[in-house]
Amino acid sequence: MPRGAALLHDPVYNKGTAFSERERDALGLRGLLPPRVFSQEEQVRRVLENLRRKAAPLEKYIDLANLHDRNEALFFRLLIDYPDEMMPIVYTPTVGLACEQYGHIFQRPRGLFVSARDRGSVRDVLANWPRRDVAIIVVTDGERILGLGDLGANGMGIPVGKLALYSACAGVHPNLCLPVLLDVGTNNPQLRNDPLYLGLQEQRLTGEAYDALVDEFVTAARETFPGVVIQFEDFANHHAFRLLERYRDRLATFNDDIQGTAAVTLAGLISALRVTGGQLGEQTLLFQGAGEAATGIAHLAVSAMVAQGMSTDAARRRCWLVDSQGLVTAGRASLAEHKRPFAHEHAPVRDLLGAVQALRPTAIVGVAAVGGAFTEAVLAEMARLNERPIVFALSNPTSKSECTAEEAYRATGGRALFACGSPFDPVRYDGRTLVPRQGNNSYIFPGVGLGAILSRTSRITDEMFMAAARTLASLVSDADLAQGSLYPSLSRVREASAHIGAAVARIAFDRRLAAIPEPPDVLAFVRSRMYEPQYASYVAS
């Protein structure tokens with residue numbers, strides 16, 4: 001453990017003004033700190049006061065990043081105690097802006113950068129990480145960051161943000177977390193010409209060379225950190241599906257954009273059906289989008305319908321996709337493989353409004369990052385067709401949202417069952433206050449990762465994501481539904497993660513995927529292992 005000034009510059013051990021009088025004497029801190037000793041709670045108040053003075057979200061993001069770099073426990077205490085205020089800064093929507101500006105706001109490295117120039121020596125790069133107890137890696141290649149496209153090495157903000165949520169939302173100890181950016185270049189000319197861009201200023205690696213680098217990374221990660229869980233994040237469609245299929249049966253891995261988004265959306269649908277009545281298999285789901293999020297949700301919804309007794313073919317016919325060319329149909333030439341299961345026989349339809357009119361869906365789900373796609377006409381048609389239309393505008397950041405909460409409620413006479421990908425304020429309508437909540441993956445992936453880590457499962461299966469969705473939906477109260485909320489409050493996210501972690505671990509135990517014996521009380525076991533960012537005492541009292 002460091003001493004003196006070095007201790008004050010180590011974010012893992014630093015407590016700042018909270019070091020006691022005895023600690024200051026024993027650790028060479030006397031005189032290096034102001035004389036008054038503060039509690040962690042008092043420090044939180046100071047941080048909040050300064051943070052709230054800043055008007056711009058990006059300035060708040062930079063401020064929190066600096067806190068993370070100097071006092072890790074205080075950073076996570078703030079996230080846990082003020083999730084509604086802090087999570088939109090640390091993650092969506094502000095993290096998107098932070099990624100766009102990453103090279104211009106960069107102050108201190110966090111995570112590991114593995115570049116195309118490291119081919120043949122990736123194991124050596126991973127060996128430079130100072131810890132060997134890494135239990136989870138979030139990795140991106142930066143090609144499809146949120147709805148913002150190819151941001152190359154600037155995408156490091158995503159795994160850093162995701163892993164902060166693992167610790168804050170699910171109690172995964174920060175020491176166990178490793179953010180990784182695979183820098184394979186960028187096809188974004190603005191970045192390549194930006195003199196402050198931090199990544200390789202060259203075209204993206206493709207083909208066999210790309211696959212070889214990813215495979216070398218996965219192999220090296222498993223050897224360097226045995227049993228590690230690997231989460232793939234924000235890979236473009238043409239890589240995301242391939243990589244998931246390549247590795248899902250070889251190690252504990254998942255793609256949050258495909259599976260996490262699917263689970264949180266399914267949870268919202270289950271909650272909505274508590275209001276509308278009926279079974280999932282009776283719904284017609286229309287997706288604005290046909291990429292990894294849309295097809296991931298559709299596949300999980302199909303699995304849920306099959307579990308209720310439908311055939312796979314019948315369940316697939318309840319799911320339809322709209323892409324940039326209109327309704328995805330069986331007669332269209334050159335369909336991408338991931339779209340084929342949901343390409344049904346139908347006359348061509350040019351746009352989303354036409355698809356709504358033709359298919360009469362009970363739910364529309366936006367995941368294509370096309371801002372404003374749910375027009376007033378689309379929303380009004382959904383309200384004409386359904387007493388309680390289900391409207392999920394899940395794209396983020398906010399600029400990419402298909403509609404705002406207020407637009408959804410006003411166009412449907414306050415009848416929409418609405419969920420969003422970016423946060424929106426409560427809406428006052430017709431004497432009621434409607435409280436929209438995010439269909440945020442942070443309800444799902446931290447708990448799934450927690451259960452996978454603690455059970456030491458060898459695989460992460462679709463059954464686990466199904467269990468995560470049902471568990472999350474079970475935590476939505478009647479009071480939540482009465483105010484239009486299809487998800488529990490973010491203040492309950494750690495509770496949700498504990499229950500989801502236990503549900504995932506139970507499946508690992510039941511399917512003999514776990515590397516440890518099943519404890520007598522799985523939920524109690526999970527809760528007992530969740531990190532709490534409290535200051536340790538460094539000297540005997």
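Side-chain atoms are counted along with the backbone in the values below, which use heavy atoms only and exclude waters and symmetry mates.
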Given the rule in the side-chain contact (heavy atoms from CB on, under 4.5 Å) test, do Leu97 and Tyr61 qualify, once you have shown the distances and angles that lead to the verdict?
-> CA-CA 10 Å; Leu97 179 59; Tyr61 178 94; over 6 Å; no
Do Ser395 and Glu402 pass the side-chain hydrogen bond (donor to acceptor under 3.5 Å, both in side chains) test, and can you show the C-alpha distance, the side-chain angles, and the key distance before you say yes or no?
-> CA-CA 7 Å; Ser395 293; Glu402 289 76 15; 2.5 Å; yes
Verdict with supporting geometry, Leu151 and Glu100, side-chain contact (heavy atoms from CB on, under 4.5 Å) = CA-CA 7 Å; Leu151 297 185; Glu100 289 181 308; 4.1 Å; yes
Audit row: Cys169, Met87, side-chain contact (heavy atoms from CB on, under 4.5 Å) steps and yes/no | CA-CA 10 Å; Cys169 299; Met87 284 176 56; 3.9 Å; yes
So Met86 and Leu51, side-chain contact (heavy atoms from CB on, under 4.5 Å) or not? Walk me through it.
-> CA-CA 10 Å; Met86 297 302 141; Leu51 192 69; 3.4 Å; yes
Take Asn188 and Thr186, measure what side-chain hydrogen bond (donor to acceptor under 3.5 Å, both in side chains) needs, and give me the verdict at the end.
-> CA-CA 5 Å; Asn188 184 332; Thr186 177; 5.1 Å; no
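Side-chain contact between Leu8 and Leu33 is present, with at least one heavy-atom pair separated by less than 4.5 Å. Taking 4.5 Å as the limit, every side-chain heavy atom of Leu244 sits out of range of all side-chain heavy atoms of Phe232. A 4.5 Å side-chain heavy-atom check between Leu58 and Gln101 finds at least one atom pair inside the cut-off. Contact of the Thr261 side chain with the Glu292 side chain is not registered, since no non-hydrogen atoms from C-beta on lie closer than 4.5 Å. Between Glu143 and Val184 the shortest side-chain heavy-atom distance does not fall below 4.5 Å. In this structure the side chain of Glu216 never reaches within 4.5 angstrom of the side chain of Val114, judged on heavy atoms. No side-chain heavy atom of Arg248 sits under 4.5 Å from any side-chain heavy atom of Phe254. Residues Ser401 and Phe424 form a side-chain contact, since some pair of their non-hydrogen atoms from C-beta on lies under 4.5 Å apart.
In this structure, the separation between CG on Asp425 and CG on Leu434 is 13.0 Å, given to the nearest 0.5 Å. In this structure, Leu74 CG and Leu67 CG are separated by 5.0 Å, a value rounded to the nearest 0.5 Å. Distance CZ/Arg24 to NZ/Lys15: 10.0 Å, rounded to 0.5 Å. Atom CD in Gln203 sits 4.5 Å away from atom CG in Asn187 (nearest 0.5 Å). The CZ atom of Arg204 sits 4.5 Å away from the CG atom of Asp141 when rounded to the nearest 0.5 Å. With rounding to the nearest 0.5 angstrom, the CG atom of Leu352 is 7.0 Å from the OG1 atom of Thr375.
Heavy atoms of other residues, nucleotides or ligands lying less than 6.0 angstrom from CD of Gln534 number more than 12. A 6.0 Å sphere centred on NE2 of His104 holds more than 12 heavy atoms belonging to other residues, nucleotides or ligands. Counted within 6.0 Å of OH on Tyr13, heavy atoms from surrounding residues, nucleotides or ligands total 12 or fewer; the atom is thus considered open. Remark: Gln190 CD is loosely packed, at most 12 non-hydrogen atoms of other residues, nucleotides or ligands lying under 6.0 Å away. The 12-atom threshold is not exceeded at CD of Glu376, counting heavy atoms of other residues, nucleotides or ligands nearer than 6.0 Å.
A donor-acceptor pair under 3.5 Å is formed between the side chain of Ser485 and the backbone N or O of Val435. For Ser489 (side chain) and Arg492 (main-chain N/O), no donor-acceptor pair under 3.5 Å exists by modelled atom type. Between the side chain of Asp133 and the main chain of Leu176, no donor-acceptor pair closer than 3.5 Å is present. Judged by distance alone, with hydrogens and angles left aside, the side-chain atoms of Gln288 form no donor-acceptor pair with the main-chain N or O of Val322 at under 3.5 Å. Under a 3.5 Å cut-off, the side chain of Arg123 and the backbone N or O of Thr224 do not form any donor-acceptor pair. A donor-acceptor contact shorter than 3.5 Å is absent between the side chain of Arg529 and the backbone of Val172. Counting only distance, with no hydrogens or angles, the side chain of Ser121 and the backbone of Asp118 share a donor-acceptor pair below 3.5 Å. Panel note: side chain Thr253, backbone Ile230; a donor-acceptor pair is recorded below 3.5 Å. Checking side-chain atoms of Asp234 against main-chain N and O of Thr140 turns up no donor-acceptor pair under 3.5 Å. Side-chain atoms of Thr398 do not come within 3.5 Å of backbone N or O of Ser422 as any donor-acceptor pair.
Between His68 and Phe76, the two ring planes are perpendicular [angle over 60°; tilted spans 30° to 60°].
For residues 44-55, the salt bridge (Lys or Arg N to Asp or Glu O under 4.0 Å) pairs, not counting sequence neighbours, are Glu49-Arg53, Arg52-Glu85. Here ring pair (Phe, Tyr, Trp, His ring centres under 6.0 Å) pairs that include residues 200-229, with residues two or more places apart or in two chains, are Tyr210-His239.
Glu532 meets the salt bridge (charged side-chain N to carboxylate O under 4.0 Å, His left out) test with Arg77, Arg494; sequence neighbours excluded.
A pairwise comparison of heavy atoms in Val328 and Ala290 identifies CG2-CB, 4.4 Å as the closest pair. Taking each heavy atom of Ile460 and Ala452 in turn, the nearest pair found is CD1-CB, 3.8 Å. The shortest non-hydrogen separation linking Phe374 to Cys403 is O-CB, 3.7 Å. Shortest non-hydrogen contact noted between Ala373 and Val378 is O-CG2, 4.2 Å. Cys177 and Leu163 make their closest contact through CB-CD2, 3.7 Å (heavy atoms, listed as atom of the first residue, atom of the second, distance). The two residues Ala240 and Asn255 make their nearest non-hydrogen contact at CB-ND2, 3.7 Å.
A salt bridge links Asp215 and Arg250; the closest N-O separation between the charged side-chain nitrogens and carboxylate oxygens is under 4.0 Å.
Between the side chains of Tyr535 and Gln43, at least one donor N or O lies within less than 3.5 Å of an accepting N or O.
Residue Asp69 forms a side-chain hydrogen bond (donor to acceptor under 3.5 Å, both in side chains) with just one option from His9, Arg110, Arg108, and that option is Arg110.
Here the two rings, on Tyr166 and Phe445, have centers that are under 6.0 Å apart.
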